[in-house]
Amino acid sequence: MENRRLLEIEQMLTSQGYIGDKSIAMSVYLAMQLEKPLLVEGPAGVGKTEIAKVMAKALDTNLIRLQCYEGLDSTHALYEWNYQHQLLYLKMQENNKVDITTAESTIFSDRFLLKRPVLQAITQKTQPVLLVDEIDRADEEFESFLLEVLSDWQVTIPEIGSIKAVQKPQIILTGNRTRELSEALRRRCLYLWIDYPEFEKELAIVKAKVPEADERLGQEICTFMKELRQLRLEKTPGISETLDWAKALAGMHLKHLNKEVVESTLGVVLKDWQDMRHTQDALSELLDKTGVVSRIG
Amino acid sequence: MQGSYLEHQTEISAYIVLLCQFLRKKGYVIGPVEQVDAILALGGYNFNEEAKFILALQTVLAKNKQQYIHFKENYLEFKHQLKQASDSKVKTRKTPVKNRARQEQERFDALKSWLNLSKEKEIKETASFSGVEVLAKKEFTDLSDDEVRLIMRLLKKMALKAMRKKSRLKKLTKHRSKIDLKRTIRQSLRKGGDIQQLLYSEPKHKKLKLLLLCDVSKSMDLFSRFFIHLIYAFQNSYDKIETFVFSTALHRVSDILNGHDFENAFQSISDRVPQWSGGTTIGECLEDFVENYSYRYRYLDKKTIVLILSDGWDTGKPTNIQKAMHHIFKSSRKVIWLNPLAGNKNFSPEVLGMKSALPYIDELAPAHNLESLKKVLLLIGKRRKKIAGQF
């Protein structure tokens with residue numbers, strides 16, 4: 001039974017154009033089976049965020065995204081009271097002589113509650129996918145806010161009480177390891193590490209996402225990227241850069257790589273000036289390893 | 001449960017519990033919740049492929065990159081040990097205490113003989129007690145077991161003292177310690193000039209960031225005992241400290257040192273570092289640190305004092321050390337290299353690893369006795385000299 005479910009998930013990911021491997025399918029399967037959040041870590045541009053998007057599409061449900069950043073607090077992630085409307089309401093009720101208890105219960109009700117992504121996710125009637133993107137960019141305090149949701153599936157609002165999840169959302173957290181996450185957060189999640197793809201996997205992704213790219217061009221791009229990642233770069237290019245480059249070169253109707261083309265389009269792949277300079281110095285060697293050097297002359 | 005990989009256990013839950021016990025020793029943080037998750041993940045699943053069985057456990061039990069990547073080899077090691085135990089029909093027993101004590105003594109003797117390079121014969125140690133002042137100048141090689149224990153206690157006290165460095169800046173406090181006249185008068189001006197409330201202040205504590213890179217290779221074997229004790233004292237007395245140990249690979253051990261008692265912490269570190277007492281590739285390990293930790297986790301910045309504990313014996317390329325040390329020197333507040341051999345009068349940094357690192361070191365200090373370690377603690381608080389490298 002479960003074997004079939006795992007197969008279904010593999011097919012579900014593939015049908016949405018996500019070329020993954022068995023470890024990704026297993027993680028998604030277990031996250032759904034055990035109803036636990038999934039923490040996905042890995043270098044930038046390897047398809048971490050894509051997992052949540054694909055899951056939402058495949059399950060035909062809403063994707064609620066919470067983009068984390070330094071200084072993100074509960075008012076932006078969980079909930080906030082609509083102060084302006086509360087004040088306006090109180091002003092309008094001044095002449096009606098409403099007693100304080102009634103007024104208080106009205107202004108601290110759902111009507112004046114602004115639901116931010118996390119609260120939105122747990123109050124939805126159909127099970128949504130909540131993507132907490134780049135959790136490592138948020139402050140440590142924010143992680144503590146999340147713990148209640150991740151373990152008990154509820155949000156506590158002092159004025160109202162605890163709001164339990166109607167349907168447990170499927171939570172995907174992603175991180176680039178710019179900061180170490182707390183043990184408490186890790187323990188509440190299942191874990192998946194996605195590394196840069198192997199040559200075959202990357203080629204399959206290029207074929208699926210950029211079908212207009214020539215077969216040989218695709219192979220050369222993937223080999224070049226594999227070698228490029230061996231260099232010590234400030235910002236190592238991920239799959240998204242490979243796809244951008246493949247699209248750019250396919251758009252130029254190129255059938256294979258050559259030194260001039262690589263030099264002029266390196267900006268699509270590398271996003272750091274020092275990386276560009278470093279790569280240009282090692283370009284001949286890189287192209288040699290890619291098997292392009294014979295065609296230069 | 002099908003499959004030959006579970007031939008030694010019939011109950012899946014018992015198997016998982018054993019596996020979790022094994023993984024805990026490897027540094028995995030596994031509680032009852034994770035155990036239950038693992039059993040649920042496998043429960044009712046007809047795993048006819050070992051790869052999928054491992055994959056499911058990996059997803060549930062691994063909680064960081066290192067654990068995720070090394071899970072399969074850890075699992076296979078567990079399986080191998082389990083097979084060995086059941087094949088021989090002998091229960092795995094802990095090493096008898098007597099044996100362990102003997103092993104410790106042997107290791108300690110090995111260190112002494114290694115340190116006594118110039119001495120032809122080791123002086124027979126006596127169990128007599130020396131005064132602290134005498135002890136301070138006594139080389140670690142000449143210490144009796146009682147003195148080693150005393151040194152350990154003193155080191156801890158010294159480290160605690162060194163990390164409580166007070167700043168000239170002051171902060172308000174509720175404790176009635178010292179009246180802060182400046183703040184009291186300034187506050188009174190806001191209220192018309194009448195002093196209604198006295199404000200108290202105390203010195204702020206300086207936030208020193210310390211990064212310790214400790215060599216635990218064979219040539220540094222028992223010295224690391226002292227060093228790690230020192231590190232341990234630092235770790236628990238201040239929160240801005242990161243500790244890494246290295247021999248042929250680099251391992252972050254800050255999490256182990258934080259919150260364990262020394263003996264357990266020491267045991268856990270030895271368990272986590274399989275290369276303990278092995279060879280050394282300082283350059284590669286430092287490069288690993290630069291590449292994977294310094295940028296990503298911001299362990300290295302201009303507030304960080306880097307303390308490297310190593311004798312400089314290296315089997316790798318000297319260019320690796322140069323590159324990594326250049327980066328560390330450039331990005332840190334100060335680099336202090338502790339070399340136990342530097343206490344020797346005839347010492348000159350001739351070892352290739354040490355020579356390559358020398359231009360990028362602010363202070364090269366000996367660490368052969370308590371007094372020299374005390375000096376190191378003082379060095380930590382001082383600013384970087386304009387010209388780096390004193391040799």
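Just so we're on the same page: letters track the sequence lines, and every chain starts at 1.
A/Lys201 NZ: more than 12 foreign heavy atoms inside a 6.0 Å radius. Counting non-hydrogen atoms of neighbouring residues, nucleotides and ligands closer than 6.0 angstrom, the CD atom of A/Glu8 exceeds 12 such neighbours. Within 6.0 Å of the CZ atom in A/Arg277, the count of heavy atoms belonging to other residues, nucleotides or ligands does not exceed 12. Atom CD of B/Glu73 has more than 12 heavy atoms from other residues, nucleotides or ligands within 6.0 Å. Atom NZ of A/Lys235 has 12 or fewer neighbouring heavy atoms from other residues, nucleotides or ligands inside a 6.0 Å radius. Counting heavy-atom neighbours within 6.0 Å of B/His326 NE2, excluding the residue itself, gives a total of 12 or less. Around atom NZ of A/Lys271, more than 12 heavy atoms belonging to other residues, nucleotides or ligands sit under 6.0 Å away. Around atom CD of A/Gln280, more than 12 heavy atoms belonging to other residues, nucleotides or ligands sit under 6.0 Å away.
B/Lys63 places no side-chain N or O within 3.5 Å of a backbone atom of A/Leu185 that could act as its donor or acceptor partner. Judged by distance alone, with hydrogens and angles left aside, the side-chain atoms of A/Tyr191 form a donor-acceptor pair with the main-chain N or O of B/Lys65 at under 3.5 Å.
With a 4.5 angstrom heavy-atom cutoff, A/Leu34 touches chain B only via side-chain atoms. Contacts of B/Ile30 with chain A are made by backbone atoms alone, with heavy-atom separations under 4.5 Å and no side-chain atom involved. If you measure heavy-atom distances from B/Gln66 to chain A, you find no contacts under 4.5 Å at all. Looking at A/Leu30, only its side chain comes within 4.5 Å of chain B, counting heavy atoms on both sides.
A distance of 11.0 Å separates CG in B/Asp37 from SG in A/Cys189, rounded to the nearest 0.5 Å. If you take CE on A/Met26 and CG on B/Leu55, they are separated by 5.0 Å, rounding to the nearest 0.5 Å. In this structure, OG on A/Ser27 lies 4.5 Å from OH on B/Tyr68, to the nearest 0.5 angstrom. Atom CG of A/Leu38 and atom OG1 of B/Thr59 lie 8.0 Å apart (nearest 0.5 Å).
Using a 4.5 Å heavy-atom cutoff, the side chains of B/Val60 and A/Lys36 are not in contact.
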- Evaluate the side chain to side chain contact (heavy atoms under 4.5 Å, CB included) criterion for residues B/Lys52 and A/Leu6: first the C-alpha distance (whole Å), next the side-chain angles of each, then the deciding distance (0.1 Å), finally the verdict. CA-CA 10 Å; B/Lys52 280 184 183 167; A/Leu6 184 62; 3.9 Å; yes
- Would you please test A/Trp193 and B/Asn64 for side chain to side chain contact (heavy atoms under 4.5 Å, CB included) and show each step? CA-CA 8 Å; A/Trp193 169 260; B/Asn64 60 40; over 6 Å; no
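The pair B/Glu34-A/Arg187 counts as a salt bridge, with a side-chain nitrogen and a carboxylate oxygen less than 4.0 angstrom apart.
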